[in-house]
Each structure stands twice: as C-alpha cells, then as structure tokens.
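Atoms within each ligand, like the ligands themselves, are counted from 1 in listed order.
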Amino acid sequence: MSVHPEKEKWEAAASKLMKGKSPDVLNWKTPEGITVKPLYTAEDLEGLDATNTLPGFAPYVRGPMATMYAGRPWTIRQYAGFSTAKESNEFYRKNLAAGQKGLSVAFDLATHRGYDSDHPRVAGDIGKAGVAIDSVEDMKILFDGIPLDEMSVSMTMNGAVIPILAGYIVAAEEQGVKHEQLQGTIQNDILKEYLTRNTYIYPPEPSMRIISDIMSFCSKEMPKYNTISISGYHMMEAGANSVLQTAFTLADGVEYVRAALKSGMDVDTFAPRLSFFFGIGMNFFMDIAMLRAARLLWHRLMSQFNPKNPKSSMLRTHCQTSGWSLTEQDPYNNVIRTTLEAMSAVLGGTQSLHTNSFDEAIGLPTDFSARIARNTQIIIQEESQVCKVVDPLGGSYYIESLTQAIVDEAQKIIDEVEELGGMAKAIESGMPKMRVEESAARKQARIDQGLDVIVGVNKYKLANEKIDFEVREVPATVRDEQVARLKEIKASRNPIAVEKALTDLTNAAKNGGNLLEAALPAVRARATLGEISDAMESVFGRFTATTRCISGAYASEYSDKNKEVIDAIRKRCDNFLEKTGRRPRMLVTKMGQDGHDRGIKVIASSYADLGFDVDISPMFQTPAEAAKMAVENDVHIVGASSLAAGHKTLVPALIEELKKLGADDIIVVAGGVIPPGDYDYLYDKGVKAVFGPGTPIPESADKTLQLIEKKYIQ
Ligand code: MLC
Ligand code: 5AD
C-alpha cells in the first residue's frame, strides 16, 4: 500500500496541535457504524475499482447519464396536494408558471387507504395531508389545463394504487391523450408501507400481485411510465440511517424484480422502468456517498438476473430532503437545512428532487414557504454553476472511500435479508422494522443528551419563540364538498354499468386477470375509489399489522454522565408503583388514517425504558376505539400522536368518547405536528399538555408523570 510520503509528518503536526494526542482520537463513528477519519489521502482510494469509471457506464457510480446535469438538470418536482382537486390544481399551475418542472401529487389519507370521503372512519382526514380524490371527476379537475401528454406526473400512491392509476389513465383518455404518451411515476411500493409508511390496504400477497399487474400493463401500454418508485425516504424518516436506508430499499427492489419474473415477465421488459426514491438527511457527505453507493449496488444486484439492456441495472432516483430534520423551533433555520440537503442530493446525482418547506413541522406548505423551497432548487440550478460538471466530487478521497464503506455495510444487511428469504419474509420476521426503530430511539437519545446538535432545539435555543408567518389550514368544509359531489356522481351515472364493472373487477381479483386493466371500465363508468377498493377487498381482505415495540435502545444510548436525568424519572416511576401498586400507565394511540408511527414508537419504547407501563394501540383507530382501549387497559393517561392535521377533530372526539364511557378521569395529552396556534383550542377541549416536535423525551416524560402524580399521589 502506498502511504503518502509525508504522512508521518502530518501525524506529528496533527498530534502537536492536539497537545500530544494521536489524531485517531478525532475519528468519528457514524450512526451507520462507519469510522470517519479526520484525513483521507490517495491511499484510501486503493482497490476501489469504481472510482475510475465513467458516468453513463456501469456500475453508474458517477451517475446514470453520460452528461448528467451538464446536459439536462434534474427535474424540480415539488410534492404537493391539499384540500379539493380544484385548489390543488390552482396551486400546481401557479408553481409550474414559477419554474417547477414536474408534478408530484400528494393524496389525502382517506384516498391512500381506499375510503371515499363520506366514509365514517375518515371524518378527520379529508383533504388534510393531501388532496381528496373520490372519482375520475376529481382527477379531471386535478389535471385541468395540464397537458398529460407533456407533463410528467408523479403520484405517491401505494394502497389505493389501482383506482388512482386507473383514474389518471382515464382522465388522460378524456383529455385525448393516449396511454403510450403518458410519462411519470407511480410510487406503487407496498413493501415499505408494511415497514414504515403504513398506507397499505390489502395483505402482502395480493398487494404484490397488484404491483406485477401494473408493471405488466404499463410495459405494454405505457412504455414511458415508471411503474414503481422504490422508496427509502420513509425508512429514513422513520429513523433509518443511510446504510439501513440503502440496504432495505435495494432489497425491496430485488423482491419486486423477483415478483415480476415469477409472473412471467422478461427482466428487460420492466426493469428499465423501475425507479427509486431516497431521503436525504443532514450528514452532508454521507448522503452524497449513499446515492453513489446505491447505484453501484443496484447494478451489482441486478447482474444476478442477467439483463441484456443496460438500462435494466441503472438506478435512477428521485430525492426529497428530510422532513424529520426540520424543526418547529426557530423555523427559518430549516431553509438552511434544506439547502444543504438539496446540495447533497445534487452532488449525489439525483434525477428529480423535492425540497421541503421551512414550515414542515407546523403545517402544509403555504404559497410563501413553497416559493422558497422551489427557489432553493432554482438557485442551485441557475445561479450556483454546480450543474456544469458531471459528478464533481468523483475522485474525492473521502467521498469515494465513504461510498465504498456504504456499499460494504449495506451489502452485509442485504445478505442478512437474503438469508431470511428476501425482503417480504424479512418484513414478516420484523427484522427491518426493529432495526429502523432501534436506530430512531438511539438518535433521539443522542439528541436528548445534546450529543447530536440541533440548532434552536437543544443548542442556541430562542428564549421566546414567535410564529409570525402564515400557517396553512385546510377548512373542515372540504369534506362536505366532497360528500356533496359523491352524491351527485352517484345520482348521474348508470348504476347497471357500474355494478357490472365492479363485479368484473371482483371476478378478476378472484380468478386472475390484470387488475389495472379490469379497473379501467369501472373508472370510466364513474365507480368511486372506495367502491373499486371494496370490489377487491371483498376478495383480498384488509391487512392489520401487529404492533411490536423494541426495548432498551433509548436508555442504552445514554452515557453514564447523562444517566442522572433518566434515573430520576425511573425513581419517580418506582415511587409511584410503591404508593399506588401500579406503574404509571400510558396508552399511546394514533387515530384517523395517519400512518406516521416514528413518534409513538420512540415514545413507547423510551417511556418503557424510563419506567412507565406503555400500551400501543393498533394504527388507524377511531376515537371511540382508542377510548375503549384506554378504559379496558385501565391507563392513567392517553397520548394521542398526530402528524396529519387531524388533531382538532380527533383529539376532542377522544375526550368525548372517554366521557361517554365514564372515564373522564383519564388524562389526555397530545403530541406531533400541531401548530402552536391550535394549542389553546386543544386545552379548551380538555387536553392537559401538548408536546410539539422536538420535545426532548425526558421533558415530556417529566410533564406526563407530573400530571399523573398530581392526580394520584399528591
Ligand atoms: C435525463 N434525460 C436526459 C438527460 N438527463 N437526456 C439527455 N441528457 C441528459 N443529461 C432524459 C431521460 O432519459 C428521460 O427521458 C427524461 O430526460 C427525463 O429525465 P429523468 O431523469 O427520467 O427525470 P424524470 O422524468 O423527472 O424522472 C425521474 C425519476 C422518476 C426516474 C426518478 O421516477 C420520478 O420523477 N420520480 C419522482 C417520484 C416522486 O416525486 N415522488 C414523490 C414522493 S413524496 P426517458 O425518455 O429516458 O424517460 C412521498 C412523501 C409521502 O412519498 O407522502 O410519504
Ligand atoms: N404537500 C407538500 N408536502 C407534503 N409532504 C407530505 N404531504 C405533503 C403535502 N400534502 C412532504 C413533507 C413530509 C414528506 C413525507 O412529504 O415534507 O415530510
């Protein structure tokens, strides 16, 4: 190995600067378990074969296209949707006029889970986290004035993927656009839904069939359409570090390839239209390296299927900056965070990018915050000159070495997944979810101790937080509007045609046949999204997840020096046990269709580490179901977590339901993405504490415990 001739001199100089200590003490072990040294030299490049490859050529470390951004910049594709189709359409048109290049539709949670807006389970969710779509009539409004033969449209849909994709195709037909002209992407990645995002409808087996059916239909009819967006983003948001994100995402990809091959397709008919989606966090160099590593690994993994077309093993990806990394506290800092993350994605070679808005932790983007988010990308593209050179960090000692480290570490995890029988089996075993949750709990413990700095949250905090910008609020009337339109559509369509199309779809679900193809006549006949979902659910059933929780990770990440804080809470829990015969007992619950469970999982496992008895409700509870569980489990307190804007409906409803059961002594607290302007509303309704994003666990646990102590032992 060729060591730099002056390496020893450098070591001596470094050591002198550090008063005699070895420079090795500056080594940093990343959460991925990779040791990062303070200095990299040419010797770190030795044996790295991929370093000297070219962009546009295997293994694509340096990018999938030969010219990359020098030839065409990445697509500025901002994810958006809220309220009605009409309001979202107006928002899209404004954004496109202001420089956005591709569309990306965010649907509300009722739509994701296959419910029409008039379904009683989804009363709190309509139009809140995305746009409400009930039928092709809504789809047509959503894309009104947007030529679907020209505009590439991404749709983030996984559960109700059949009615939504069919709705898009029929809306295009009615614009006079042919199937083969359609360009865009459907997320259609169900495995990560079971793992993290939670907007599944059916069990895994029929869900995997749906994916193969979509790939098969599109390979014949929509050759320019990307049939899946294999997503690591949500894993990262749920707590996965960059190696876990890479490994589980690519392992999901392999599983989809196997499913498509099993359904009889040739690898080269579908693999060129597989696309990916990565989340980019605040470890700047790590995530540049992650994208490069992912491309190398995907090429390596695909070689087992012997593709003939080079595009079959070329990883193309969308990226989104991390929503989780953004803070409610001192929120303009988020503009800076997003800029850094966007630069990582760009230097990593993404094909398409969404940059988050600075008000992420408070609500959906407003016109103002969306403008800044969009302009972040435009400024990088048009002012910074970074697009002029392909893979400008290629050959960097550090980046290349980090790329290889991620390849090696991720490969180990992929091998583990393979040993379990592939990703579907691994997910069944619970392994990936446990790893992600453990990573999340450890991260939280580091933040709570101040080891991982978050400016404005655990360092350089503002004495007085003041929100002086507009917060987007979706009016409750959206539901009424949708329900009225549903009535109208149902009254004006031909019921016999609808009935027949739905029966045909059910038969296809039962007896075989392409489900996307079978859904098209139903959509054309104006069957609703809920009806189409039900027609398949009657055969496939609805999936319910079992909730498991890790233990010990949060507490074990505490250093001895910092243990005092958590020991004090443990002592109080022990004292409560002594005085009352029970530990303080808390139910954490998620109501409505909000599937973000990182928060409750971290709360549940860390509170258990602190000495509470914790119950976790199943996902998607109605307020009545959550209240019943609280009473049956005889808890002292319920913590309701809300990240999808349902808090003003769902939390007061929970309190009412507890009252109905004669259990108004059970304390209710809430946490999550709740705009500070809503706190008083919730207090008025009887909520005893609200914990915003970024609240340290010891702080919320202390307050929670105080509420219980005050009621029972003081
Ligand atoms: C690209 N092209 C070039 C070129 N670069 N041609 C010549 N020279 C160059 N340098 C060509 C490409 O080959 C392609 O044509 C066309 O230009 C478009 O480029 P692309 O790179 O394919 O970009 P795009 O169309 O934007 O597609 C990017 C993608 C796609 C492949 C990653 O899947 C995509 O857009 N994904 C977006 C997914 C998304 O937005 N998800 C939101 C999730 S939000 P051709 O003919 O080869 O196609 C979420 C949050 C939540 O999930 O709710 O949880
Ligand atoms: N509009 C814009 N961005 C959204 N996100 C989620 N829903 C919407 C929406 N309706 C973004 C946020 C979130 C991530 C999953 O996607 O940044 O963190």
**Report entry** 4.5 Å side-chain heavy-atom contact, L296 and T53
**Finding:** no

**Report entry** Min N/O separation S154 to ligand 1 under 3.5 Å
**Finding:** yes

Query raised in the report: Quick check: does Y233 get an N/O under 3.5 Å from an N/O on ligand 1?
Result: no

**Report entry** salt bridge (charged side-chain N to carboxylate O under 4.0 Å, His left out) between D597 and K590, worked out
**Finding:** CA-CA 8 Å; D597 62 353; K590 292 215 63 99; over 6 Å; no

What residue and atom, counting heavy atoms only, is the protein's closest point to [atom], and at what distance?
| atom | answer |
| --- | --- |
| atom 43 (C) of ligand 1 | T156 OG1, 3.1 Å |
| atom 6 (N) of ligand 1 | M65 CE, 3.8 Å |
| atom 2 (N) of ligand 1 | R72 CD, 3.5 Å |
| atom 29 (C) of ligand 1 | N226 ND2, 4.3 Å |
| atom 21 (O) of ligand 1 | Q351 CG, 3.3 Å |
| atom 34 (C) of ligand 1 | T185 OG1, 3.2 Å |
| atom 48 (O) of ligand 1 | R273 NH2, 3.1 Å |

Under 4.0 Å from a heavy atom of [X]: which atoms of ligand 1 are those, numbered in the order shown and with their elements?
| X | value |
| --- | --- |
| T67 | 8 (N), 9 (C), 10 (N) |
| R197 | 51 (C), 53 (O), 54 (O) |
| T75 | 23 (O), 24 (P), 26 (O) |
| Q320 | 44 (S) |
| Q187 | 43 (C), 52 (O) |
| M68 | 10 (N) |
| R316 | 22 (O), 31 (C) |
| Y79 | 44 (S), 49 (C), 50 (C), 51 (C), 53 (O) |

Query - Sub-4.0 Å protein heavy atom next to atom 19 (O) of ligand 1 - result: yes

Query raised in the report: Quick one: does atom 14 (C) of ligand 1 have a protein heavy atom under 4.0 Å from it?
Result: no

Query raised in the report: Taking 4.0 angstrom as the limit, do K94 and E90 come out as a salt bridge?
Result: no

Backbone N/O of [Y] and side chain of [X]: donor-acceptor pair under 3.5 Å:
| X | Y | answer |
| --- | --- | --- |
| D594 | L643 | yes |
| T321 | A342 | no |
| S322 | W324 | yes |

With a 3.5 Å cut-off and no angle check, do the side chains of [X] and [Y] form a donor-acceptor pair?
| X | Y | answer |
| --- | --- | --- |
| S352 | R77 | yes |
| Q593 | K128 | no |
| D268 | S312 | yes |

Report summary line: The reported gap from CG in N226 to CZ in R316 (rounded to nearest 0.5 angstrom) is 4.5 Å

Of the side chain and backbone of [X], name the one, both, or neither that has a heavy atom under 4.0 Å from an atom of ligand 1.
| X | result |
| --- | --- |
| F277 | side chain |
| M157 | neither |
| R77 | side chain |
| Q183 | neither |
| K224 | neither |

Report summary line: Less than 4.0 Å from some atom of ligand 2, heavy atoms are found in residues Y79, A80, G81, A106, A129, G130, Y233, E237, Q320, G323, N356, E360, L364, P365

**Report entry** Cation over ring face, R113 and F620, 6.0 Å, 45°
**Finding:** yes

Query raised in the report: Would you call the rings of F358 and F469 parallel, tilted or perpendicular if under 30° counts as parallel and over 60° as perpendicular?
Result: perpendicular

Within the supplied structure, the quantity of interest is the number of heavy atoms (other residues, nucleotides, ligands) at a distance under 6.0 Å from [X] [atom1]; does it exceed 12?
| X | atom1 | value |
| --- | --- | --- |
| K101 | NZ | no |
| F57 | CZ | no |
| K224 | NZ | yes |

Query raised in the report: Looking only at heavy atoms of H596, does any of them come nearer than 4.0 Å to an atom of ligand 1?
Result: no

Query - Residues which pass salt bridge (Lys or Arg N to Asp or Glu O under 4.0 Å) with K311, listed by chain and number, not counting sequence neighbours - result: none

Query - Near-ring test Y256/F270, centroid separation under 6.0 angstrom - result: no

Query - Closest contact, heavy atoms only, Q100 versus I76 - result: CG-O, 3.4 Å

